[in-house]
Protein chains: 2
Amino acid sequence: MKAESVRKPANEEPTKARRRDREKTKAEILQIAFEEFAESGLLGANADAIAARAGITKRLIFYYFNSKEELFTAVLEMAYGKMRLAEEDLHLETLEPEAAIRRLAEFTFDFHQANPEFVRLVAIENIHRGRHINSSEKLKQMTRPVIGQIERMLAKGKGLGAIRPEVDAYELHATLNALSIFSVANRHTFEAQFRWDMSSPEAKARRRVEIAEVLWRYVRGSPRSSITDEE
Amino acid sequence: MKAESVRKPANEEPTKARRRDREKTKAEILQIAFEEFAESGLLGANADAIAARAGITKRLIFYYFNSKEELFTAVLEMAYGKMRLAEEDLHLETLEPEAAIRRLAEFTFDFHQANPEFVRLVAIENIHRGRHINSSEKLKQMTRPVIGQIERMLAKGKGLGAIRPEVDAYELHATLNALSIFSVANRHTFEAQFRWDMSSPEAKARRRVEIAEVLWRYVRGSPRSSITDEE
DNA sequence: AGGTTAATTAACCTGATGGATAATTGATGT
DNA sequence: ACATCAATTATCCATCAGGTTAATTAACCT
C-alpha cells in the first residue's frame, strides 16, 4: 500500500487532513452510526453528531449512504453480519446433547450481554416494525447458521433419546433468544418495577445458568412426558 | 393542506364547542397519546397529531401535562396501572401447582398479545433507559401484585413437592415475561430472519402452550418421582 | 506536468415541531 | 347579572436536523 504520504511541513500529526479512502471512511461512518443509532434510536440519532464524531462533514454521510434510513439499514446489515460470523464458531455438533444445549444457551446469553448495542438496535428495528430488515435484500438473504446447527443437534439428541422428539428448532431458538435478549433489552423497566438487579456480574452469572437450566429442562427427554396429543 | 377551518355553519353536531371537562379532556389526551407513543415512539409521536386526533388545541396538552416527557410518563403510569389491575384478578392461590403455572403463563401471554401497544411502550421506555419510570414516584411505588401471588403459589407448590425448592419467584417472572413479551416485541425481526410466522392465530396458539410447557418443565419437581398425571 | 475523477468541505435551505404568549369563552357562585 | 377563574383557542417563534447546491482538493492516469 501507499505510504502515508505525510508531507507535513511543521505539524507532525500522523492523522491530519483526512486521507481519501472510500472504504475506510464508509466503515468509520458505519461504526459510529451503529453506536449512535443504538444509543439514540432511528429518530434520536443525529447526522451532525455522527459526522462530528467521525471527523467528517455531514454531507459525506449522504454521499455514501443516501439517507438516514439507508444508513440505518446498512448498520443493521453490519450488525447482523457480525452475529452471523460469531454463530459459525459455535460447533454444537461435537457435543453431547446436554452440553450442546448449555453451550448454545451460554453462547447466546454471552453474546447479547457483550453486545447490548446490538440488542438495542434490534429493539429499535422492531419498534419500526422491521421495515428496514424487510427492505434489505441482503438482510433477507442472510441466513443465520444457528438454526441449522440447532436442527442437527436436536436430531442427534432425539436419536439418542436425550431430547424429546416434540422439540422444534424454531421454538427452541425463539425461547432462548427471548430469555437472552430480555436480560438486556428490558433491564430498565424490570429493575425499576421489581428493584431486582439484573446488571451486576453476580446477577448475570445467576441468570446465565438459570437460562441454560430452563432450556435443558425444556428439551430433555423424560420417562414420562406430560405432553398430550389432545387438540 | 389545512382547509379544515370553520366552514360548518348549519351542521351542529352534539359534540360541538367542546364541553369544559378537565378530567375527561385529560383522559382523552392520555388515551390518544398512549396510542401515538406506542405507534411512533417518544420522539416520533407528534403533539400536533395528538391534539388533532383528540379534537383539541395543542396548547391543551401542555396545559395539562407540562411537556412531552411528562405526558409520556403519565401514559406509562396509566398503562402499568391497567396491567396491575388485570393482575389482581389472577387468583393463582386456588389452583393446583401445575394448573396455576399454566394459568399464569397463559394469562401473561394473552395479556401481551392483547396489548401490543403496551409491549411497544415498554420497549420504547427501555430504549430510553427507563428514565421516565425511574423519575415517576407513582410508578416506583406501584407494586405489581403478580410477584406476591407467584411467591405464595410457589411456596404452596414446594410444600406439596410439586415444585422444586430452588425456583425463585423473580427468576420465574423474568422467564415468563421474556417469553411472552418476545412474541410481540421481536415479532418483526424474528419473522424476517427465519421466515417463521409468529402472528397467525395458529402460531400464537402453539406458542402459548409451548411457553406454558417451558415454564412448567422448569419449575416442576423431579419428574421421576412426582409424575402422577396420566391424563 | 496536467487534466480528470472522486472524495471532501463549506454554506445554505426548509419543513417540522416542541413549546410559549396572549386573548377568549364557558361555567359557576354570589 | 356580573365578576371570577379555569378551560380552551389562535398565533407565533426559535431551533433543530435532514438533505442539497456548489465549490474545493487530493489522488490517479496517462
Side-chain angles (χ1 to χ4, degrees), chain A residues 1-9 11 13-30 32-33 36-37 39-75 128 132, chain B residues 1-8 12 14-30 32-33 36-37 39-75 128 132:
Chain A
M1 271 332 244
K2 53 227 76 179
E4 303 305 278
S5 75
V6 230
R7 51 269 123 145
K8 290 286 115 55
N11 199 333
E13 290 303 297
T15 32
K16 214 49 208 171
R18 172 161 218 86
R19 285 208 319 283
R20 300 190 165 205
D21 186 333
R22 184 184 179 85
E23 295 311 316
K24 191 182 170 194
T25 301
K26 280 173 70 173
E28 283 177 11
I29 294 175
L30 223 41
I32 291 174
E36 290 285 323
F37 280 128
E39 175 63 35
S40 314
L42 175 57
L43 295 131
N46 179 266
D48 286 293
I50 295 173
R53 279 192 53 198
I56 57 166
T57 313
K58 179 170 61 170
R59 181 68 242 264
L60 265 195
I61 295 173
F62 297 95
Y63 179 64
Y64 287 119
F65 311 88
N66 303 304
S67 67
K68 204 185 187 184
E69 298 268 325
E70 283 183 52
L71 175 60
F72 186 82
T73 306
V75 163
H128 294 280
H132 309 90
Chain B
M1 311 309 162
K2 30 181 52 180
E4 340 269 320
S5 292
V6 227
R7 53 197 189 87
K8 298 276 296 181
E12 294 297 336
T15 41
K16 55 185 173 207
R18 173 168 213 82
R19 280 215 300 280
R20 300 191 164 203
D21 186 332
R22 183 183 179 87
E23 294 312 316
K24 191 182 171 195
T25 302
K26 280 173 70 172
E28 282 177 13
I29 294 174
L30 222 41
I32 291 175
E36 291 286 323
F37 279 128
E39 175 62 36
S40 315
L42 174 57
L43 294 119
N46 178 266
D48 286 294
I50 294 173
R53 279 192 54 200
I56 56 166
T57 314
K58 179 168 60 170
R59 182 68 243 267
L60 265 194
I61 295 173
F62 297 96
Y63 178 64
Y64 287 119
F65 311 89
N66 301 305
S67 66
K68 205 185 189 185
E69 298 269 324
E70 284 182 52
L71 176 60
F72 186 83
T73 305
V75 163
H128 293 280
H132 309 91

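Below, chain A is the first sequence line, B the second, and so on; all start at residue 1.
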> Would you kindly give the CG-to-P distance between B:Leu71 and C:dT17, to the nearest whole Å?
16 Å

> Can you identify which nucleotide, out of C:dG18, C:dA7, C:dA10, has its nearest atom closest to the A:Thr57 side chain?
C:dA10

> Please check if the side chain of B:Ser67 supplies one atom and the backbone of B:Glu70 the other of a donor-acceptor pair under 3.5 Å.
yes

> Please report the distance, rounded to the nearest Å, between CG in A:Leu60 and C1' in D:dA23.
14 Å

> To the nearest Å, give me how far apart CG (A:Asp48) and C1' (C:dC13) are.
14 Å

> Please give, in whole Å, the distance from D:dG18 C1' to A:Asn66 CG?
13 Å

> Round to the nearest Å and state the distance from B:Glu36 atom CD to C:dT17 atom P.
11 Å

> Tell whether A:Arg59 reaches the base of D:dT20 with its side chain through a donor-acceptor pair below 3.5 angstrom.
no

> So do the side chains of B:Leu42 and A:Leu43 get within less than 4.5 Å of each other, counting heavy atoms only?
no

> C:dT8, D:dT8, C:dG19: which one has an atom nearest the side-chain heavy atoms of A:Tyr63?
C:dT8

> Please find the pair of heavy atoms, one from B:Ser40 and one from B:Ala45, that lie closest to each other, and give the distance.
CB-N, 3.6 Å

> Using atom CD1 of A:Ile56 as one end and atom P of D:dT25 as the other, report the distance to the nearest whole Å.
19 Å

> Can you name the closest pair of heavy atoms from B:Lys58 and B:Ala47 and give their distance?
CD-CB, 3.8 Å

> As a test of reading the structure: which of C:dG18, C:dT25, C:dT8 is closest to the side chain of B:Phe62, going by heavy atoms?
C:dG18

> Students often get this wrong, so: under 4.0 angstrom with heavy atoms, is B:Ala45 touching a base, only sugar-phosphate, or nothing?
sugar-phosphate

> Distance check needed: D:dT15 P versus A:Asn46 CG, whole Å only.
16 Å

> Is there a side-chain contact between A:Ser67 and the phosphate of D:dG18, meaning an N or O under 4.0 Å from OP1 or OP2?
no

> Quick one: look up who D:dT30 pairs with, Watson-Crick or G-U, both distances under 3.5 Å, and put none if it's unpaired.
C:dA1

> What about B:Lys68, does its side chain sit under 3.5 Å from the base of C:dG19 through a donor-acceptor pair?
no

> Should B:Thr25 be listed as having a side-chain N or O under 4.0 Å from OP1 or OP2 of D:dA7?
no

> Under 4.5 Å between any side-chain heavy atoms of B:Phe65 and B:Leu30, yes or no?
yes

> Given D:dA6, D:dT9, D:dG18, which nucleotide is nearest the side-chain atoms of B:Arg20?
D:dA6

> Would you kindly give the CZ-to-C1' distance between B:Phe65 and C:dG18, to the nearest whole Å?
16 Å

